[in-house]
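What follows is one structure encoded as structure tokens, with my remarks underneath.
Here is the naming used below: chain letters follow the sequence lines, and residue numbers restart at 1 for every chain.
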Amino acid sequence: MAQPIFSPVGFLRGSSFILGGSGMNIALEKREKLQALINEAINQAVAGGDLSLAEVPDFTLEAPKDPNHGDFATNIALVAAKAARKPPRDVAAALVKYIPVGGFIEKVEIAGPGFINFFLSHEWLADILRSIEARREDYGSSDYGQGEKVLLEFVSANPVGPLNVVNARAAAVGDTLARLMRACGYTVGTEFYVNDAGNQADVFANSLVARCHQQVDPEYPFPEEGYPGEYVTDLAKRLLQEKPDFLDWPREEQLAFCKRWGTDQMVEWQAADLRTYGVEFDVWFRERDLHAAGELEKVIEYFREKGYLYEEEGALWFRSTDFGDDKDRVLIKSDGAYTYVTADIAYHWDKLKRGYTKLIDILGPDHHGYIGRMKAAIQALGYGADTLEVLILQYVALLRDGQQVKMSKRAGEFITMQDLLDEVGTDAARYFFLMRSPESHLDFDLNLAVEQSSENPVYYVQYAHARICSILRQAEDMGVVVPSASEADLSLLTSDFEINLIKKLGELPEEIILATTQREPHRIARYALDLASIFHSFYTHCHVLGEDAPLRDARLVLVKCVQIVLKRSLSLLGISAPEQM
RNA sequence: GCGCCUGUAGCUCAGGGGAUAGAGCAUCGGACUUCUAAUCCGAGUGCCGCAGGUUCGAUUCCUGCCAGGCGCGCCA
């Protein structure tokens, strides 16, 4: 008979990192132990002749939705039934026979079609609280990423105007993803790529020059495709104050100055807006620096050596179809100018040369055609296609009074990121952008976001935190000290309200890893909401202060842990955790 | 035509190869001499877009179709 092949379970395949020390990560640690017990049971069942199994199929071991189904459940018997030529429940019985009850396992059950449900002893709940107390604001962090160097590029709006609401969504998602990845032990760089060398920058410079002239000559022609926004005129006025003789300059100098100075002003403006939004970039990368350093030429040179280029109709083409793109791309136009693709290739090459092993670009929905060409370029540069990962966000529709807010650039009806923040505030804006999965279209209800009531999820979560702070303040006033987890008798926490709360606290580490690896920051928003909900329920039904000292102390420990975890969750989302509301 | 995203309760959305499909809002009814009622408790709601396929099992995976949104430049 073939030896059973042990198969680790679930998304954390072979994840021995979890056991990096005692109290590191309780829920995951318990699961690993259970997994080992199951594997051992399979071994013994096979050896004892209770089970005939050539190979162990992949199975799951997870916390069931329904608490009646225990703390963990596995489907091993269902998936192995066919190979074992036995009904699932019989397979389960053969395995359960070899699973020792005792220690942290209180009870093992066979249920439903053949699930094996594990009920853990109360001690493991206490372990969760002890773990939170030990790790404090670091609870939930891991070394899952093992120092892998990741570069996250997001927003990267053109430096020709204010940021819009999709930029705001990208900023929230990118920033939170960066926080999550850091929590998972990745080395993360965040970058905003500034397109300050392309056509749009020229058009912008033209617009700015025209507005300057219009200050003294209202008849001065404004470029047809120019940027009509009021901010360009404001900028022109400021420019004339700084450079009173500007209008006398040769036109070439005016344009060159406006392109540089004007885009610099826009970058500063965008950066300031993002800062109030809680988003700071490690690097603002200038496209013009690539041009100045001759990096685009180096791309051309390298591709030419490799034979990836050809000329047609006066333009220089990159044969990107050799690397899976759906059409070839022009790198140098027939007028001799580089396309944006060339600069983007140079930029991504630069990232790679800086030692990043994973490049993640978060882009708007209008850029999905970009994926194929950049993956082609990455491969042409000698890296694997998977080195680059592109996240495409979907559109944001703003709703006011149930109606979609119409936006038109031409008509000047345009809600900027800053307008949005002025209206709803940073916390609400970030939460609303982070509560949906990134690839979903998002309806942003402006009325709801400003509402300071129970209907607004962000206040709901923050209120839970504020309530805890209030309890702790009053405890302090009463001279009651929150004991350490080892001092309190945690076995007194026996109600469903308390147990549900502790179990939820135990889920954070796994949620962080899932949110990170799946690139789904909205999982944390949901987690925070769930935790707050369970806490509010606990709060209503279980008093803390005023109970007998032993129970009061145990609950103080619990409440303190909830505070830590709520604050951590909010902080990952970039949302404040107020102590009073 | 090709590509991307979406289709789950009246609305906005989670979830997801398995054990009765979830939450908030809206609707209705309860709970403040007690740590903040921005809270809690209770009540109803579903051909999980349609049709095939894979599977012991599909709302989940695959294919096709339908519907909505968006993209397919020598613009960025």
Can you find a donor-acceptor pair, distance only, under 3.5 Å between [X] side chain and [N] base?
| X | N | value |
| --- | --- | --- |
| A:Asn117 | B:A19 | yes |
| A:Tyr459 | B:A38 | no |
| A:His367 | B:A76 | yes |
| A:Ser470 | B:C35 | no |
| A:Glu313 | B:C74 | yes |

Phosphate contact ([N] OP1 or OP2) by [X] side-chain N/O below 4.0 Å:
| X | N | answer |
| --- | --- | --- |
| A:His441 | B:G7 | no |
| A:Tyr460 | B:C40 | yes |
| A:Arg467 | B:A37 | yes |
| A:Ser437 | B:A14 | yes |
| A:Lys327 | B:C2 | no |
| A:Ser440 | B:A14 | yes |
| A:Thr339 | B:A76 | no |
| A:Lys333 | B:C75 | yes |

Tell me whether the centres of the aromatic rings in [X] and [Y] are closer together than 6.0 Å.
| X | Y | answer |
| --- | --- | --- |
| A:His541 | A:Phe497 | yes |
| A:Tyr193 | A:Trp284 | no |
| A:Phe119 | A:Phe72 | no |

What distance, rounded to whole Å, do you find between the two [atom1] atoms, one in [N] and one in [M]?
| N | M | atom1 | result |
| --- | --- | --- | --- |
| B:U34 | B:A19 | C1' | 41 Å |
| B:C62 | B:C4 | P | 12 Å |
| B:G18 | B:U55 | C1' | 11 Å |
| B:A31 | B:C13 | C1' | 29 Å |

A:Arg31/A:Glu62 under salt bridge (Lys or Arg N to Asp or Glu O under 4.0 Å): CA gap, chis, key distance, verdict: CA-CA 8 Å; A:Arg31 187 161 75 171; A:Glu62 54 198 14; 5.7 Å; no
Categorize A:Tyr370 for me: base, sugar-phosphate, or nothing, with a 4.0 angstrom heavy-atom threshold over every strand shown. nothing
Can you work out whether A:His69 or A:Glu287 has the more 5'-proximal nearest nucleotide on RNA chain B? A:His69
If you pin A:Arg526 and A:Gly112 to their nearest nucleotides in RNA chain B, which one's is more 5'? A:Arg526
What is the ring orientation for A:Phe444 with A:Phe432, classed by angle as parallel under 30°, tilted 30 to 60°, or perpendicular over 60°? tilted
Across all chains, not counting sequence neighbours, the ring-ring contact (aromatic ring centres under 6.0 Å, His included) partners of A:Phe318 are A:Phe303
Surrounding CD of A:Glu579 (heavy atoms of other residues, nucleotides or ligands, distance under 6.0 Å), is the total greater than 12? no
Return yes when atom CZ of A:Arg85 has more than 12 non-hydrogen atoms of other residues, nucleotides or ligands closer than 6.0 Å, and no otherwise. no
Using the six-membered base ring of B:C35, report whether A:His543 stacks on it, requiring centroids under 5.5 Å and planes under 30° apart. yes
ring centroid sep under 5.5 Å plus plane angle under 30, A:Phe115 with B:A19: yes
When the distance from CG of A:Leu448 to C1' of B:A26 is rounded to whole Å, what number comes out? 12 Å
How long is the line joining CG of A:Asp443 and P of B:C13, in whole Å? 4 Å
Mind telling me whether B:C32 is syn or anti, cutoff 90° either side of 0? syn
Symbol by symbol from the 5' end, with Watson-Crick or G-U pairs under 3.5 Å, [ ] crossing and | another strand, RNA chain B is (((((((..((((....[...)))).(((((.......))))).....(((((..]....))))))))))))....
Assess, by modelled atom type and distance only, whether the side chains of A:Tyr347 and A:Glu191 contain a donor and an acceptor separated by less than 3.5 Å. yes
